[in-house]
Each structure stands twice: as structure tokens, then as C-alpha cells.
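If you're wondering where the values come from, they're calculated on a predicted model, not measured in any experiment. Just so you know, these numbers use all the heavy atoms, side chains as well, and skip hydrogens, waters and symmetry mates. If you read the sequence from its start, that first residue is 1, and numbering goes on from there.
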Amino acid sequence: MDRMLMWSLKACPLVDTALQALRRISAGEPASILQLDLAERMLVTRHLEQLAFDATAWTLWTRQAIF
């Protein structure tokens, strides 16, 4: 998982900013909205979707390995 996150951060540095904003929002803190053009927004969205998929797959795989 760490390698996947590092790759994503290297390929799209805006992912870090988006993750920080999501952390603030989920903690109930105010966060500034990112002002991105369509191409940047699509790139960040693809990376966040991939990270969410990877985290879910990793969790399911490790739970399966326990049983």
C-alpha cells in the first residue's frame, strides 16, 4: 500500500493536497476547495479512485488470508 501511495504522489502531486482536504473535511474542519481545471480534476479523481480501490482490495485480501 505504501508503494502504491508513493507512486500516486509521484505521478500526481495534487493527490496529496486533495487527501489533506479530505482529512480536514472528515474531521469537521473547514478546508479550502481546490481550484483545478478539468484535466487536473480528472487526473486527481482517477488517482483517488485507484487508491480507494487498492485500499479496499488490500483489506479484503488480508482478511481472506486470516481465515
> In Å, rounded to the nearest 0.5 Å, how long is the span from CD of E40 to CD of Q35?
Replying inline: 11.0 Å
> With sequence neighbours left out, what residues match L5 under side-chain contact (heavy atoms from CB on, under 4.5 Å)?
Replying inline: L9, L19, L51
>> Would a single hydrophobic cluster contain both W61 and M1, if residues Ile, Leu, Val, Met, Phe, Trp and Tyr are joined by side-chain heavy-atom contacts under 4.5 Å?
In response: yes
> Does the T62 side chain pair with the main chain of W58, one donor and one acceptor, at a distance under 3.5 Å?
Replying inline: yes
> Should we say atom CE of M42 is surrounded by more than 12 heavy atoms from elsewhere, each under 6.0 Å from it?
Replying inline: no
> Quick one: does L43's side chain get under 4.5 Å of L14's, heavy atoms only?
Replying inline: no
>> For residues L38 and L48: do they belong to one hydrophobic cluster (side chain heavy atoms under 4.5 Å, members Ile, Leu, Val, Met, Phe, Trp, Tyr)?
In response: no
>> Applying ring-ring contact (aromatic ring centres under 6.0 Å, His included) as the test, list every pair that has at least one member in residues 11-53; sequence neighbours left out.
In response: W7-H47
